[in-house]
Amino acid sequence: MIKLGEIQTLKIVKKVEFGVYLADEGQNEEQNAAERPGQALQTSEKVLLPGRQVPREAGIGTEVEVFVYRDSKDRLIATTARPLITLGGVARLRVVQTGQIGAFLDWGLEKDLLLPFKEQKKRVKEGETCLAALYIDKSGRLCATMNVYRYLRQDSPYKKDDRVTGTVYEISDNFGAFVAVDDMYSGLIAKKELYGDVQVGGTVAARVIEVKGDGRLDLSIREKAYLQIEKDAEKILKVIDSYDGALPFTDKASPETIKREMQMSKNEFKRAVGHLLKEKKIIIGEKAIRKL
């Protein structure tokens, strides 16, 4: 069976003026038994490899490794070129054009790959790169999608406390930020661990806090508590400096204010403030924190 969207080894079963037709080994054996000289190959399971891509001195029965996709007229066609992504795979691809039905991505072949609007997590622009998976749509065409969750692997080599990097492909108000670690493994930064300017399409550095039973990774963009206190304390001092030496709220401020201004939870802010007090680097007034 010829497989759309996959790299496969097929045999040359017929030569024509503009190239050769390929089929899988089983089909070739069938046609050898049934075909007579001068007769056309009686099977729909064959695909054209254009002449300019046919290996030199290749003949009937020669095996060729090809990728099968559809041309601009929706016909199956083979190529010896290697695409940047294959069926079910995930890759970062460059946007070469946007149009009325979506965007078109460079995937290493002559015909660009369609990324429909409905498959975009955010509107992409020409020149950008985006993380996408390759799938077959309802009409039997190869298309790209930014909904990569189901295509990510769960067999990462990482363990607890390992440092990783990945691409944010979705942000959920309920769950947090979904991350493709190394652009291939499934990870999640839970809502409670999510701080700072994290956006769809952005790259994040994170720490593995748990490897789930199914292999998915729970991540945090913050350090362990005892290490994070030092970083948070330094950040508070810098923010105080930006306010000319007096932060206009204290650790009694609302969690919303602290998260907006400091990108910390209230508990993290209080721990860091306590650390600075102990080191006698700040004083806390009724309405402000001042640097000593």
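Please read these numbers as outputs of a predicted model, since none were measured by experiment.
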Atom [atom1] of [X] and atom [atom2] of [Y]: how far apart are they, to the nearest 0.5 Å?
X	Y	atom1	atom2	result
Ser220	Lys192	OG	NZ	9.5 Å
Thr129	Asp106	OG1	CG	11.5 Å
Leu134	Leu142	CG	CG	5.0 Å
Ile136	Leu87	CD1	CG	5.0 Å
Glu210	Arg216	CD	CZ	13.0 Å
Ile189	Arg207	CD1	CZ	11.5 Å

[X] [atom1]: over 12 foreign heavy atoms closer than 6.0 Å:
X	atom1	result
Tyr149	OH	no
Lys111	NZ	yes
Arg150	CZ	no
Asp155	CG	yes
Gln154	CD	yes

Answer yes if [X] and [Y] sit in the same cluster of Ile, Leu, Val, Met, Phe, Trp and Tyr residues linked by side chain heavy atoms under 4.5 Å apart, and no otherwise.
X	Y	result
Tyr151	Val168	no
Val239	Ile282	yes
Val96	Ile101	yes
Val90	Leu109	no
Val204	Val208	yes

What's the shortest heavy-atom distance between [X] and [Y], and which atoms?
X	Y	answer
Thr98	Val124	CG2-O, 3.7 Å
Gln199	Ile171	CA-CD1, 3.9 Å
Val95	Cys130	CG2-SG, 4.4 Å
Ala246	Tyr243	O-CB, 3.2 Å
Leu84	Leu93	CB-CD2, 3.8 Å
Glu170	Val200	CA-CG2, 4.1 Å

Do [X] and [Y] have side-chain heavy atoms sitting under 4.5 Å apart?
X	Y	value
Glu261	Phe269	no
Arg70	Leu4	yes
Leu217	Ser156	yes
Arg94	Leu105	no

Considering only NZ, NE, NH1 and NH2 on the basic side and carboxylate oxygens on the acidic side, decide whether Glu65 and Arg82 come within less than 4.0 Å.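 Counted as a salt bridge, because a side-chain N and a carboxylate O are separated by less than 4.0 Å.
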
Cationic N near anionic O, under 4.0 Å, Lys212 to Asp214: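 Answer for the salt bridge query: no.
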
Steps toward side chain to side chain contact (heavy atoms under 4.5 Å, CB included) verdict (Arg163, Tyr158): CA-CA 8 Å; Arg163 306 294 306 190; Tyr158 299 113; over 6 Å; no

Solution key, residues 284-292 side-chain donor-acceptor pairs under 3.5 Å, sequence neighbours excluded:
{"residue": "Lys291", "atom": "NZ", "partner": "Asp241", "partner atom": "OD1", "Å": "3.0"}
{"residue": "Lys291", "atom": "NZ", "partner": "Asp241", "partner atom": "OD2", "Å": "3.0"}

Check: [X] side chain, [Y] main-chain N or O, donor-acceptor pair, under 3.5 Å:
X	Y	value
Glu193	Ala190	no
Asp137	Ser139	yes
Ser254	Thr257	yes

Is a donor from one side chain sitting under 3.5 angstrom from an acceptor on the other, for [X] and [Y]?
X	Y	result
Asn147	Lys121	yes
Ser172	Asn174	no
Thr9	Glu63	no

Identified side-chain contact (heavy atoms from CB on, under 4.5 Å) counterpart of [X] within the set [options]:
X	options	value
Met264	Lys235, Lys270, Arg271	Lys235
Val66	Leu10, Ile77, Ile7	Leu10
Leu219	Leu194, Leu188, Val164, Ile209	Val164
Asp183	Thr167, Thr165, Leu152, Val148	Thr167

Evaluate side chain to side chain contact (heavy atoms under 4.5 Å, CB included) for Tyr69 paired with Leu113, printing each intermediate quantity in order. CA-CA 10 Å; Tyr69 67 116; Leu113 178 65; over 6 Å; no

Does the side chain to side chain contact (heavy atoms under 4.5 Å, CB included) test come out yes or no for Gln8 and Ile2, once each step is laid out? CA-CA 8 Å; Gln8 57 215 278; Ile2 293 174; 4.0 Å; yes

Ring pair (Phe, Tyr, Trp, His ring centres under 6.0 Å) partners of Phe67, counting only residues at least two apart: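 Once residues adjacent in sequence are excluded, the partners of Phe67 under the ring pair (Phe, Tyr, Trp, His ring centres under 6.0 Å) criterion are Trp107.
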
Starting from the C-alpha separation in whole Å, work towards a yes-or-no answer on side chain to side chain contact (heavy atoms under 4.5 Å, CB included) for Glu268 and Met262. CA-CA 10 Å; Glu268 289 164 338; Met262 306 301 302; over 6 Å; no

